[in-house]
S.K.: 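Attaching a single structure in structure tokens format; questions to follow.
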Amino acid sequence: INAEYGVAPPCNMALICSLSNEVPEEPVISLTSKHVFEKRLLEKYITENGTDPINGEPLSDEQIVPINTTPVQRPRPPTATSIPAILKILQDEWDACMLHSYTLRQQLQMTRQELSYALYQHDAACRVIARQDKEVTAAREALATLKPQAALAAQQPVAPAPVPVHVAVPAEPARPEPMEVETQLVPIGLSEEVLQQLQQTHVKLTSLRKKRGKEMPEGLPTAQQLKHYTQTSSHPGLHSASLPGILCLDLLPNSKRTVTGGADRNIVVFDKEAEKIVCTLKGHTKKVTNVVAHPNEKTIISASPDTHLRIWDIDGESCKHTLRIHDGPVTGLSLHPTGDYMLSCSADQHWGFSDIGTGKLLCKVADQSVSHGLTCCQFHPDGLIFGTGTSDSLVKIWDFKEQKSAANFPGHSGPISAIAFSENGYYLATSADDEVVKLWDLRKLRNFKTISLDDKYTVRGLTFDNSGHYLAVAGPDVRVYQISKQCDLVVTWDAHTQDSTDVSFGPDVNYVASVSNDRTLKFYSAN
């Protein structure tokens, strides 16, 4: 650039305007960005913005240098009524459009950058909020877990500190810590005494059931009364928050205590009236999937996929016996009506019969007719037959004394998830991954009712009340059906935030209890 005259030397090359991308009639160069522009377009842009269109730096008319080019013969100014006048108007409009388009492109680019930065900040804030919310939830659950335990500790008297007395006392031998007894899995066989005890129990219970008849017991709520049951309490702090989920439930018949087993590998005994934890039993190395409370003793039996069965003493808060019966996960557990024996089944295709008092395995039988594992089991109320479910959708009724299959109930599709005998001994309820509950008449060995459930309804638990008039179903919600020809739905509770895993009736159906993967124990009763 010629510093003396302020113009560029003559140039014959083709120049392109950086705004309109056309050959300029009066080319000028910007001293700030070193770009070529059409003079009139650049002057309009400077008038409106006062900056360089390329780099955005301040720009004035003094910083514009014209470029010498071959002069262009411009036509005479057209009149407004001629075609050249129309072309001139279109040219002016085109110039304005180019300037506006360029400005919009710049604004769009800036807006995109600002939006990207705002989205990044929003994502980071959401992550921080989610982490804080998770920590707050964990702290609240931990606090809810500590409250019942603190109340229990506060009720225990604190022994006064002993006053030291310098008297020589002979040292007593150290008492050994109580050791857990682990029973070998070698079956010792069924003695005649055991078989005779089972037969006597069968005759006694059959006679009592016939005396009761089919009439509804006194004090049992009617279907209309049960329909008005609502949630009366909820207890979320029983099991650990690190491995959430309560998987099984049972009630101690002669008390207001509830037994739950969770994914945290613990068993919790909870007092319904005092609303506090009585004890927490630890010992399983995997989740607890089955718990059974003894009706007459303070004893609990538990099963887990860790292949162990454990017999617990509530008062001593200790495990009396650990039984290694099965080679695979234990999937089912049932107490014999005598209260002295228990039935277990496993994915290893075997079922076992054990003595609770001694912790001995009496017999172990493999189901040779199927190549799939057993998923659940339960004794008939009379004790001489029991039912098992398999992972290939078959329900089998076994004759215990003969140790052979007495009947097969096909019809489901998918693994059998739950089975339950009615207390009157007439009916069997079964469920699988097929969104139905089937009711079987054991006297005629046929399916007399199929209850269709909602789409994608997975049944996790089935249980009859002690009278056999009501059947409870645990799944995405908790339902109660009245056992009749129609099997009408009586009431539905959807208080849990996740799928219910088990349900149980209180004595004379004065309340209903359920547990869920949301780590809560809920009770339903009349207000």
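All heavy atoms count here, side chains included; hydrogens, waters and symmetry mates do not. Numbering starts at 1 and runs along the sequence shown.
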S.K.: By salt bridge (Lys or Arg N to Asp or Glu O under 4.0 Å), which residues pair with D499, not counting sequence neighbours?
M.R.: R460

S.K.: Determine whether a donor-acceptor pair (N or O, by modelled atom type, separation under 3.5 Å) exists between the side chain of K287 and the backbone of P305.
M.R.: no

S.K.: Please enumerate all residues that pass side-chain contact (heavy atoms from CB on, under 4.5 Å) together with P410, with sequence neighbours excluded.
M.R.: L394

S.K.: Could you tell me whether the side chain of P295 reaches within less than 4.5 Å of the side chain of L335, counting heavy atoms only?
M.R.: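 They are in side-chain contact.
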
S.K.: Can you name the one residue among Y481, F409, F448 that meets ring pair (Phe, Tyr, Trp, His ring centres under 6.0 Å) with Y427?
M.R.: F448

S.K.: Counting only heavy atoms not in K438, do more than 12 sit closer than 6.0 Å to its NZ atom?
M.R.: yes

S.K.: Can you tell me if D477 and T492 form a side-chain donor-acceptor pair at under 3.5 Å?
M.R.: no

S.K.: Looking only at heavy atoms, which two atoms of I483 and C487 are closest? And how far apart?
M.R.: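 It is CA-SG, 4.5 Å.
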
S.K.: Side chains of V512 and V503, heavy atoms from C-beta outward: is any pair under 4.5 Å?
M.R.: yes

S.K.: May I ask you to establish whether R443 and Y426 are in a cation-pi arrangement, using a distance under 6.0 Å from NZ or CZ to the six-membered ring centre and at most 45° from the ring axis?
M.R.: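 Yes; both conditions hold, so R443 lies above the ring face of Y426.
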
S.K.: For the pair S346 (side chain) and D348 (backbone), establish whether a donor and an acceptor sit closer than 3.5 Å, ignoring hydrogens and angles.
M.R.: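 Yes; judged by distance alone, with no hydrogens or angles, the pair exists.
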
S.K.: Please round to the nearest 0.5 Å and tell me the distance separating atom CD of Q231 and atom CH2 of W493.
M.R.: 10.5 Å

S.K.: Check T260, T520, N266 against H239 for a side chain to side chain donor-acceptor pair (under 3.5 Å) and give me the one that passes.
M.R.: T260

S.K.: List in chain and number order the residues that pass salt bridge (Lys or Arg N to Asp or Glu O under 4.0 Å) with R127, two or more places apart in sequence or in another chain; answer none if no residue qualifies.
M.R.: D123

S.K.: Mind listing the closest non-hydrogen atom pair of G468 and S422 along with its distance?
M.R.: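 Distance-wise, the nearest heavy atoms are CA-CB, 4.4 Å.
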
S.K.: Using every non-hydrogen atom in the two residues, find where W312 and S302 come nearest and quote the distance to one decimal.
M.R.: NE1-OG, 2.8 Å

S.K.: Once you measure the plane-to-plane angle for F386 and W398, does it fall in the parallel (<30°), tilted (30-60°) or perpendicular (>60°) bin?
M.R.: parallel

S.K.: Under the salt bridge (Lys or Arg N to Asp or Glu O under 4.0 Å) test, which residues partner D433, sequence neighbours left out?
M.R.: none

S.K.: If you count heavy atoms of other groups shown closer than 6.0 angstrom to CD of E192, is the number above 12?
M.R.: no

S.K.: Could you state the interatomic distance from CG (L521) to OG (S514), rounded to the nearest 0.5 Å?
M.R.: 7.0 Å

S.K.: Could you work out, with ring-ring contact (aromatic ring centres under 6.0 Å, His included) as the rule, every residue matching F505, not counting sequence neighbours?
M.R.: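 Expected list: none.
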
S.K.: For D454, give me all partners under salt bridge (Lys or Arg N to Asp or Glu O under 4.0 Å), at least two apart in sequence or on another chain.
M.R.: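 So D454 forms a salt bridge (Lys or Arg N to Asp or Glu O under 4.0 Å) with R479.
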
S.K.: How long is the gap from CG on D518 to CD on Q498, to the nearest 0.5 Å?
M.R.: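 Reported value, rounded in 0.5 Å steps: 6.0 Å.
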
S.K.: Can you measure from SG (C279) to CG (D271) and round to the nearest 0.5 angstrom?
M.R.: 11.0 Å

S.K.: Taking the side chain as every heavy atom from C-beta outward, state whether W351 and L374 have any atom pair closer than 4.5 Å.
M.R.: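 Yes, at least one pair of side-chain atoms sits under 4.5 Å.
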
S.K.: Before we go on, tell me: are the rings of H380 and F421 under 6.0 Å apart, centre to centre?
M.R.: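 Yes: the rings meet the under 6.0 Å criterion.
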
S.K.: When the aromatic ring centroids of Y229 and Y524 are compared, is their separation below 6.0 Å?
M.R.: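 No; Y524 has its ring centre 6.0 Å or more from that of Y229.
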
S.K.: Checking side chain to side chain donor-acceptor pair (under 3.5 Å) against H308, which of K286, R324, H284, H326 comes through?
M.R.: R324

S.K.: Is the shortest side-chain N to carboxylate O distance from K396 to D367 below 4.0 Å?
M.R.: yes

S.K.: With rounding to the nearest 0.5 Å, note down the distance linking NE2 in H412 to OG1 in T390.
M.R.: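 So the NE2 of H412 and the OG1 of T390 are separated by 10.5 Å.
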
S.K.: Do L323 and H321 have side-chain heavy atoms sitting under 4.5 Å apart?
M.R.: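 A side-chain contact exists here, since the closest heavy-atom pair is under 4.5 Å.
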
S.K.: Taking L251's backbone N and O only, do any of them form a donor-acceptor pair with T258's side chain (distance below 3.5 Å, no angle check)?
M.R.: no

S.K.: With no hydrogens and no angle check, is any side-chain donor or acceptor of Q225 less than 3.5 Å from a backbone partner on T222?
M.R.: yes

S.K.: Any Lys/Arg nitrogen of K298 or D315 sitting under 4.0 Å from an Asp/Glu carboxylate oxygen of the other?
M.R.: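 Salt bridge present between K298 and D315.
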
S.K.: Strictly distance-based, threshold 3.5 Å: is any side-chain N or O of T280 a donor or acceptor partner for the main-chain N or O of V268?
M.R.: no

S.K.: How many angstroms lie between atom OG1 of T299 and atom CD1 of I314, to the nearest 0.5 angstrom?
M.R.: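 It comes to 7.0 Å.
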
S.K.: Short question: side chain of S334, backbone of F379 - any donor-acceptor pair under 3.5 Å?
M.R.: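 Side chain of S334 to backbone of F379: a pair is present.
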
S.K.: I419 and L428: which non-hydrogen atoms are nearest, and at how many Å?
M.R.: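 What the structure gives for the nearest pair is CB-CD1, 4.2 Å.
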
S.K.: Test side chain to side chain contact (heavy atoms under 4.5 Å, CB included) on H350 and V365 and set out the steps.
M.R.: CA-CA 5 Å; H350 288 76; V365 178; over 6 Å; no

S.K.: Tell me whether E193 at atom CD has more than 12 heavy atoms from other residues, nucleotides or ligands lying less than 6.0 Å away.
M.R.: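 Incorrect, the count does not exceed 12.
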
S.K.: Under the criterion side chain to side chain donor-acceptor pair (under 3.5 Å), I'd like the reasoning laid out for S393 against S413: C-alpha separation, chi angles, the key distance, then a yes or no.
M.R.: CA-CA 5 Å; S393 69; S413 60; over 6 Å; no

